[in-house]
Number of protein chains: 2
Amino acid sequence: MTQDPCIICVAITGSVPQQSDNPAVPITISEQIESTQAAFEVGATIAHCHVRNEDGSPSSDSDRFARLMEGLHQHCPGMIVQLSTGGRSGAGKTRGGMLPLRPDMASLSVGSNNFPTRVYENPPDLVDWLASEMKTYDVRPEIECFDLSHIFQAAKLVGDGRLPANVHVQFVMGVKNAMPVDRAAFDFMRETRARVLPEATWCAAGVGPGQAIVNQWCIETGGHCRT
Amino acid sequence: MTQDPCIICVAITGSVPQQSDNPAVPITISEQIESTQAAFEVGATIAHCHVRNEDGSPSSDSDRFARLMEGLHQHCPGMIVQLSTGGRSGAGKTRGGMLPLRPDMASLSVGSNNFPTRVYENPPDLVDWLASEMKTYDVRPEIECFDLSHIFQAAKLVGDGRLPANVHVQFVMGVKNAMPVDRAAFDFMRETRARVLPEATWCAAGVGPGQAIVNQWCIETGGHCRT
Ligand SMILES: [Zn+2]
Ligand SMILES: [Zn+2]
Ligand SMILES: [Zn+2]
Ligand SMILES: [Zn+2]
């Protein structure tokens with residue numbers, strides 16, 4: 001085998017599921033650390049992290065993120081820590097309040113789209129601010145592409161220096177009211193990424209029932225994987 | 001020639017440009033009627049209409065739309081009238097307040113995306129309401145596809161009966177922070193439309209400097225045209 005290794009990124013908690021949905025969902029910091037370590041020990045190398053309040057609701061509290069990072073560094077040495085700046089955990093600039101912690105990576109949405117019951121709002125000035133904070137604190141962005149134009153938009157931000165050329169790109173498929181799990185669209189997004197962001201690495205996530213099939217497509221076509 | 005004729009849709013006013021930008025922009029109802037008639041007489045057959053307040057700012061006032069429709073029916077007999085339900089002219093349900101006028105067509109956005117300085121918000125419940133009003137008043141929707149997933153979303157709404165199968169689809173390219181004018185993306189959107197919305201007709205708009213090139217692509221590939 002002369003291929004580059006496939007990087008497995010584990011999204012251990014997300015912002016939506018509760019233990020009432022599935023008792024295995026890690027909610028507290030110690031549950032998250034334990035769950036990530038189990039994944040790390042079987043080969044996962046990126047942890048995509050959200051934090052929760054005591055009641056399980058999503059949070060973007062810096063102190064919680066700091067404790068989670070510290071625990072992951074101790075228990076999973078060498079693992080790449082990626083913090084979420086997603087809009088389910090806060091509004092406006094609170095979404096980037098943890099970037100001064102200098103995680104290895106952070107997620108970044110560069111466009112807006114619909115979610116199951118609402119608009120996922122990423123206004124242009126907030127995107128610019130989050131990108132500039134990531135530059136300031138030397139955080140490598142993972143671009144969350146919920147639609148095709150988000151790949152072009154990332155290329156524009158790379159082209160004018162608002163983002164570094166070596167962004168990591170993730171195609172997100174299967175969110176209700178956004179991009180469905182569709183093989184032709186997946187292939188076209190791959191081709192577009194190769195054309196407009198040639199220095200970027202990439203993976204894809206199939207949210208919900210599409211996860212296994214999207215993982216398979218990624219492995220088949222030389223991408224990385226997200227659980 | 002055995003091809004279907006190419007339908008030319010004229011967007012006479014839009015919601016943004018002012019006479020201070022270009023003195024030829026028709027703003028008042030009588031200017032709009034005059035301008036549409038000039039386009040009708042040289043072959044345009046759909047009028048895509050916005051209305052303005054006295055000061056030129058965008059409006060979605062039903063009385064203004066009613067006067068415009070009446071004038072167009074008189075001066076441009078047989079022309080198809082399409083009213084905009086776009087988000088620059090109002091918020092929430094005011095965007096659909098003119099649908100009881102039963103225009104031939106109305107525009108409908110089925111997803112959200114970024115605009116030059118803000119989020120273009122089309123939350124799922126508003127989309128559903130606008131679609132149901134169009135059914136109630138027998139208005140044929142033109143689906144404004146600012147991104148690839150909007151084509152899939154329209155197919156989903158057709159599939160479960162929220163939209164009729166014979167929607168008209170428009171790909172909108174060249175809006176800053178949304179889908180750029182890109183030939184490969186244009187071709188993939190065409191192919192996707194043919195695959196998931198086989199009964200729909202289609203056209204594309206290149207906003208700003210991309211208009212002429214997108215019109216040319218439409219004519220080359222058998223689509224209809226929007227000015
Ligand atoms: Zn996440
Ligand atoms: Zn441990
Ligand atoms: Zn319009
Ligand atoms: Zn006349």
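Reminder, nothing fancy here: chain letters follow the sequence lines and each chain counts from 1. What you see is a predicted model; the values in this text were computed from it and never measured. Values below: all heavy atoms of this structure, side chains included; hydrogens, waters and symmetry mates excluded.
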- Task: Quick one: closest heavy-atom pair of Ala185(A) and Leu148(B), and the distance?
- Result: CB-CD2, 4.2 Å
- About how many Å separate CZ of Phe152(A) and CG of Asn177(B), when rounded to the nearest 0.5 Å? 14.5 Å
- Does anything in residues 196-211 of chain A get under 4.5 Å of chain B by heavy atoms, and if so which residues? none
- Message: Could you measure the distance from the CD1 atom of Ile151(B) to the CG atom of Asp182(A)? Nearest 0.5 Å is fine.
- Response: 11.0 Å
- Query: Hey, which residues of residues 117-127 of chain A are touching chain B, say heavy atoms under 4.5 Å apart?
  - Reply: Thr117(A), Arg118(A), Val119(A), Glu121(A), Asn122(A), Pro123(A), Pro124(A)
- Item | Engaged part of Ala178(A) at the chain B interface, taking heavy atoms whose separation is under 4.5 Å | backbone
- Message: Please determine whether the number of non-hydrogen atoms from other residues, nucleotides or ligands lying under 6.0 Å from atom CD of Glu220(A) exceeds 12.
- Response: yes
- Can you measure from OG (Ser112(A)) to CZ (Phe115(B)) and round to the nearest 0.5 angstrom? 11.0 Å
- Item | Best-contacting candidate, Ser149(A), Gly111(A), Pro116(A), Pro180(A), against chain B by heavy atom pairs under 4.5 angstrom | Ser149(A)
- What are the two closest heavy atoms between Ala184(A) and Phe188(B), and how far apart are they? O-CZ, 3.4 Å
- Query: Would the number of heavy atoms belonging to other residues, nucleotides or ligands and lying under 6.0 Å from CG of Asp138(A) be above 12?
  - Reply: no
- Item | Check: Met179(B) and His150(A) side chains under 4.5 Å, non-hydrogen atoms | no
